[in-house]
Trainee: 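Let me give you the structure first, and then I'll get to my questions.
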Number of protein chains: 2
Amino acid sequence: MSAAPKHDIFQAIADPTRRKILRLLADKKLPVTAISKHFPMSRTAVSKHLRILLESKLVSVEKSGREKLYKLQPEALLELKHWLSFFEQFWDNKISMLKHFVENEEAGNLNLIIPKSNEESKDS
Amino acid sequence: MSAAPKHDIFQAIADPTRRKILRLLADKKLPVTAISKHFPMSRTAVSKHLRILLESKLVSVEKSGREKLYKLQPEALLELKHWLSFFEQFWDNKISMLKHFVENEEAGNLNLIIPKSNEESKDS
DNA sequence: TTGACACGAAACCAAAAGGTTTCATATACT
DNA sequence: AGTATATGAAACCTTTTGGTTTCGTGTCAA
């Protein structure tokens, strides 16, 4: 036994409930009971979703007294990001190309200058 | 009728077969039979996967004689990208923050200077 | 030490997902 | 005209998924 993940990240985020859980955990660590307040289903059901998120490393858990605090582990989304980056190459917009470059250089030799925007940015 | 999607993009990419199909279509338009050559399952099964990809707008189809050519529609992945960008905010690396900025400014007031890299980038 | 709370495991169930085979239809080839 | 190719629809089957309820265990508070 060991790291055979059983649930990959793509499966993990396929379910809307699980995506919403991830959003909730972005704010702060939460125990199961608190999380399940946000859903029209039993605590046990939410618990099962959390197990899947755990298996795919999207959350971690930490015991605190009689509670178990679940915490977002956003780094796990890197795999998804990487997968996406392959396709960005095909959608023909300069910004995406820039980002693709940044992705692959991974914090290499890149200078960035962000001007202090004293002008309101008009969208479009 | 109409755009009630039934299959969202998250579900669509949850299946490994469908992800592989997307990769194949990145190279070029292909008919079902050609695609199914790459998989240990029936053409009909692949056809069903394609229907799901169609429903989520990840591919489009174009009739050509007796064939139907399936084509990648990478823009559909924007939704995924957008979803991801929310979480990048939480993963603490400067590059990701940069990309988050780029994302939200949408080609706004940003100066980028990419030096001609005469030095090999050592991955740390 | 007794009771209340927080939690996951187990057994169960209905519906959805992912396959199969068979069949009908449209197009192309000769 | 007649045969071969390309495809999707239909009916069917099995496994997985997402939910339920019930129960046992650990922890905290009196």
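All values below come from the heavy atoms of this structure, side chains included, with hydrogens, waters and symmetry mates left out. Every chain is numbered from 1 and lettered A, B, ... according to where its sequence line falls, protein lines coming before strand lines.
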Trainee: Going by heavy atoms closer than 4.0 Å, what residues in residues 66-73 of chain B are next to DNA chain D?
Mentor: B/R66, B/E67, B/K68, B/Y70
Trainee: In whole Å, I'd like the distance from the CG atom of B/L54 to the C1' atom of D/dA9.
Mentor: 15 Å
Trainee: Going by the side chain to side chain donor-acceptor pair (under 3.5 Å) test, which pairs reach into residues 39-48 of chain A, not counting sequence neighbours?
Mentor: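 Listed by first then second residue: nothing to list.
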Trainee: Measure CD1/B/I52 against C1'/D/dG8 and give the value in whole Å, please.
Mentor: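 The answer, rounded to whole Å, is 14 Å.
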Trainee: Can you give the dot-bracket line for DNA chain D, using ( ) for pairs inside the strand, [ ] for pairs that cross earlier ones, | for pairs with another strand and . for unpaired bases, where Watson-Crick and G-U count if both distances are under 3.5 Å?
Mentor: ||||||||||||||||||||||||||||||
Trainee: Are B/S47 and D/dT7 close enough that a side-chain N or O sits under 4.0 Å from OP1 or OP2?
Mentor: no
Trainee: Report the residues that fulfil side chain to side chain donor-acceptor pair (under 3.5 Å) with A/T17, sequence neighbours left out, ordered by chain and then residue number.
Mentor: A/D15
Trainee: Which is it for B/K29 and B/E62 under the salt bridge (charged side-chain N to carboxylate O under 4.0 Å, His left out) test, yes or no, and what are the steps along the way?
Mentor: CA-CA 9 Å; B/K29 301 180 199 174; B/E62 169 196 338; 2.9 Å; yes
Trainee: Between P on C/dA17 and CG on B/D15, what's the gap in Å once rounded to a whole number?
Mentor: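 B/D15 atom CG is separated from C/dA17 atom P by 11 Å.
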Trainee: What is the distance from NZ of A/K48 to C1' of C/dC7, rounded to the nearest Å?
Mentor: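 Atom NZ in A/K48 sits about 15 Å away from atom C1' in C/dC7.
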Trainee: Among all residues two or more places apart in sequence or in another chain, which pass the side-chain contact (heavy atoms from CB on, under 4.5 Å) test with B/L22?
Mentor: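 Partners of B/L22 by the side-chain contact (heavy atoms from CB on, under 4.5 Å) criterion, ordered by chain and then number, come out as A/W83, A/F87, B/I13, B/L53, B/L58, B/V59, B/L72.
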Trainee: Among residues at least two apart in sequence or on other chains, which ones pass side-chain contact (heavy atoms from CB on, under 4.5 Å) with A/K37?
Mentor: A/T33
Trainee: How many Å lie between NE2 on B/H49 and P on C/dA17, as a whole number?
Mentor: 12 Å
Trainee: Of the residues in residues 21-46 of chain B, which ones touch DNA chain C at a heavy-atom distance under 4.0 Å?
Mentor: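 Heavy-atom contacts with DNA chain C come from B/M41, B/S42, B/T44, B/A45.
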Trainee: Given side chains that start at C-beta, do those of B/H49 and B/F39 come closer than 4.5 Å, heavy atoms only?
Mentor: no
Trainee: Could you pull out all residues at least two apart from A/E79 that satisfy side-chain contact (heavy atoms from CB on, under 4.5 Å)?
Mentor: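 Partners of A/E79 under the side-chain contact (heavy atoms from CB on, under 4.5 Å) test: A/I9, A/F10.
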Trainee: Residues two or more places apart in sequence or in another chain: which of them pass side-chain contact (heavy atoms from CB on, under 4.5 Å) with A/A14?
Mentor: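 A/A14 satisfies side-chain contact (heavy atoms from CB on, under 4.5 Å) with B/A14 only.
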Trainee: Does C/dA17 have OP1 or OP2 under 4.0 Å away from a side-chain N or O of B/Q11?
Mentor: yes
Trainee: Using the salt bridge (Lys or Arg N to Asp or Glu O under 4.0 Å) criterion, which residues pair with B/R66? Sequence neighbours excluded.
Mentor: none
Trainee: Not counting sequence neighbours, which residues clear side chain to side chain donor-acceptor pair (under 3.5 Å) with A/K68? List them please.
Mentor: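 Scan of A/K68 (side chain to side chain donor-acceptor pair (under 3.5 Å), adjacent residues dropped) gives none.
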Trainee: Over how many whole Å does the gap from B/L53 atom CG to D/dG8 atom P extend?
Mentor: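 One finds 12 Å between P of D/dG8 and CG of B/L53, rounded.
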Trainee: Quickly work out the A/R51 CZ to D/dG19 P distance and round it to whole Å.
Mentor: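 These atoms are roughly 13 Å apart.
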Trainee: Restricting to salt bridge (Lys or Arg N to Asp or Glu O under 4.0 Å), what partner residues turn up for B/R19, sequence neighbours left out?
Mentor: A/D8
Trainee: I need the CZ-C1' distance between B/R18 and C/dA16, as an integer number of Å.
Mentor: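 Result: 12 Å.
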